[in-house]
Amino acid sequence: MTALRVQYYAILREQAGMSREVVESAAGNAAELYDELRARHGFTLARSQLRVAIDGEFADWSAPLTSNSEIVFIPPVAGG
Amino acid sequence: MQGFFFSADPLDLTHLRGTVEDATCGGYVSFEGWVRDHNDGRSVARLEYEAFELLAVKEGQRIISEAIERFGVTRARCVHRVGLLELGHVAVWVGVSAPHRGEAFAACRYIIDEVKHRVPIWKKEYYVDGDSGWVNCERCAAAALDSTAQTSHHHDHSHDHNHNHGHADDHHHGHTTPMTVARHPHGVRSPDYSRQQILTEVGAHGQARIRGARVLVVGAGGLGVPVLSYLAGAGVGTLGVMDGDTLDASNLHRQTLYALDDVGQSKALLAAQKLRALNPEVDVRPYVERATDTNLTAIAAGYDVIVDCTDNFAARFAINDTAVRLAKPAVLASVYQYEGQLQVVRAGDPCLRCLWPDGTRDGIVGNCAEAGVLGPIPGVLGSLQALEVLKVILGMASPAQGAVVLLDLRTLESRRLGARRADDCPAHCQAPAEHTAVDLTVSVTLPTREWTVIDVREPHEVAIDPLPGLSRPIPLGQLLDNPEQLPTGHRYLCVCAKGQRSLAAAKALQRVGREAASLSGGYTA
């Protein structure tokens, strides 16, 4: 299990009911982590609708996670 | 041959004279500005001219066209030097030919005066004592400080000052006579830009760049209003305002340019009227239409920077793709409740489609109408966009380039996420932008026997305002997860509040071979 810092934006923040959390997870990559969190928080967005950033850079879903990584899930927004 | 040009080489005056010769003309007037050996009591050894050529040539061309139209001359041309010039060199040449001498003199005078006043050219003086300095910016900063000390008659004063300043600075143009003009040649009072011109990054040359810039703002709503207001205030020369909507009373809490009495009128026309009142120097051009790939390409070609202030993905992607295709900088922003995203895309930068290659994301998260927003949120993001546009014009670097900046305005936290250009980005690959083929306009009292209605709104929306008649609720996320959950052999009509999520749903269904359409404009339309 690895401690990961996770940050949510937009509708994900709303559905998680929080902006950030520290997650203990065995997820090997960002995709697995999102699926795990989606099941926990009931996120309505599919992974294909999001981007993930790891430690301040946009990353691929297959990118591996290391201890204390900061992971940000970002849906696109279009309000104006 | 008419027009405004720059030359890095010494001017060939005989050749230039020939370019305005015309058999119908009885008069030819020319002006030469020379590099002279002193300025403000200091001995000058040589000069260096630098121009922001992209904008300078356009502004110069505008001046030539104005002179031809205003004075009715036949040919007019102006060539300005750039680079290093020695004493005695010709720095600028103006040639005008006309049927009679009167209009030729007037047009020649007009052109040189306006070029000195409006075209972003600045000058470094090299002094005999070995020192050097960029003259215009230092002087204007001083002039600006001076004008702020005098608050009475500040309109006339500042303009008068600028005008005289232009001529006082004219030391190399040996043939001009300093003149005292209390008013702009157009008879228009100008605003006072001194507070921004004091900044080192602005100065006289920066202000000239701002004046020469042409910015297209797409969307005159929550984001667009601060963008337009600040850019008009800053003195951006040409502002395009594109919006096909009319003002709704529900817009006023965040669109502070408008008033209650304006409700029902075109936002583009309203904005144009109010911006002209704010700053009559700005050429405001309203476009009462929604942004599409087609009209954007034609309109954006006449602008230097494009600003995305729209509230839907279709328009955002159209703006992004057009900017990338035309190699013009784009400043993109969007908001969701208390959050905003900001991205500046210049040539070679990762663009919106590098991040979101699939452009069919409309409506997967709500817009302001669906998700709610506090007025200052788009106000903050729009203000940042105005700032980023000014940085682009002034040539200042920005961390919003090559990244998306996320702002959480509830916690006041900001975060910069670095992005990379995608090798297979459809915008950069110049692939034709995706077109909407499934938008359908039908009445809400639809014949449900023919259509299976899929309500793709979130459960809480459905609970508040259920659709009339039979419909099947499947939130968009669930539908996109597995569009094949819907059997073939039916015609699906996807419905949401505004018609954006339903469009995404219908496209997803079409991709897996289902017959599907989207209720255009949504259930609330």
Side-chain angles (χ1 to χ4, degrees), chain A residues 4-22 29-66 68-80, chain B residues 219 221-224 308-316 333-341 350 352 354-356 358 361-373 377-378 381-382 403-404 406 408 410-411 413 415-420 458-459 475-478 480-482 500 504:
Chain A
L4 302 164
R5 290 174 295 149
V6 181
Q7 179 112 20
Y8 302 113
Y9 278 92
I11 196 164
L12 296 181
R13 174 182 50 72
E14 251 181 289
Q15 293 174 345
M18 63 181 91
S19 296
R20 64 184 68 210
E21 63 179 326
V22 176
N29 59 33
E32 289 173 25
L33 177 65
Y34 182 72
D35 293 344
E36 192 182 309
L37 295 169
R38 190 180 184 194
R40 185 187 309 169
H41 293 301
F43 295 142
T44 52
L45 295 183
R47 214 197 301 139
S48 63
Q49 298 169 276
L50 301 178
R51 285 299 307 260
V52 63
I54 302 174
D55 296 329
E57 298 283 332
F58 283 95
D60 292 333
W61 285 103
S62 59
L65 306 174
T66 53
N68 219 27
S69 281
E70 186 187 53
I71 295 117
V72 184
F73 294 111
I74 313 124
V77 301
Chain B
L223 293 166
D308 161 43
C309 301
T310 62
D311 62 356
N312 66 88
F313 284 101
R316 296 197 74 201
S334 55
V335 298
Y336 180 82
Q337 295 188 343
Y338 298 92
E339 296 167 24
Q341 300 184 3
L352 195 65
C354 287
L355 290 170
W356 312 101
D358 176 6
R361 294 173 180 278
D362 241 323
I364 62 172
V365 293
N367 61 22
C368 290
E370 292 161 347
V373 69
I377 305 294
L381 269 293
V404 174
L406 300 179
D408 181 342
R410 191 137 49 171
T411 59
E413 282 178 304
R415 185 177 298 265
R416 177 187 189 274
L417 298 175
R420 281 188 305 271
E458 297 301 315
L476 181 69
Q478 249 180 56
L480 293 184
D481 268 351
N482 180 21
Q500 298 186 348

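Chain letters run A, B, ... following the sequence lines, proteins first and then strands; every chain starts at 1.
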Winner by heavy-atom pair count (cut-off under 4.5 Å) against chain A, out of B:Gly224, B:Gly219, B:Gly340, B:Gly418: B:Gly418
Crowding at CZ, A:Arg40 (>12 non-hydrogen neighbours, <6.0 Å): yes
Minimum-distance pair of heavy atoms, taken over all atoms of A:Ile11 and B:Tyr336: N-CE2, 3.5 Å
pair A:Arg20-B:Thr411: side-chain heavy atoms closer than 4.5 Å: no
Min side-chain heavy-atom separation A:Arg51-B:Trp356 under 4.5 Å: yes
B:Gln341 side-chain N/O to A:Pro75 backbone N/O, donor-acceptor pair under 3.5 Å: yes
CD1 on A:Ile54 to CG on B:Leu417, rounded to 0.5 Å: 11.0 Å
Under 4.5 Å from any heavy atom of chain B - which part of A:Ile74: both
Spatial distance of atom CG (B:Asp408) from atom CZ (A:Arg13) [nearest 0.5 Å]: 6.0 Å
Pairwise distance CD(B:Glu458) to CD(A:Gln15) - rounded to 0.5 angstrom: 6.0 Å
Residue part contacting chain A, namely of B:Gln337, when any heavy atom lies under 4.5 Å: side chain
Which of B:Gly221, B:Gly477, B:Ser334 touches chain A most, by non-hydrogen pairs under 4.5 Å: B:Ser334
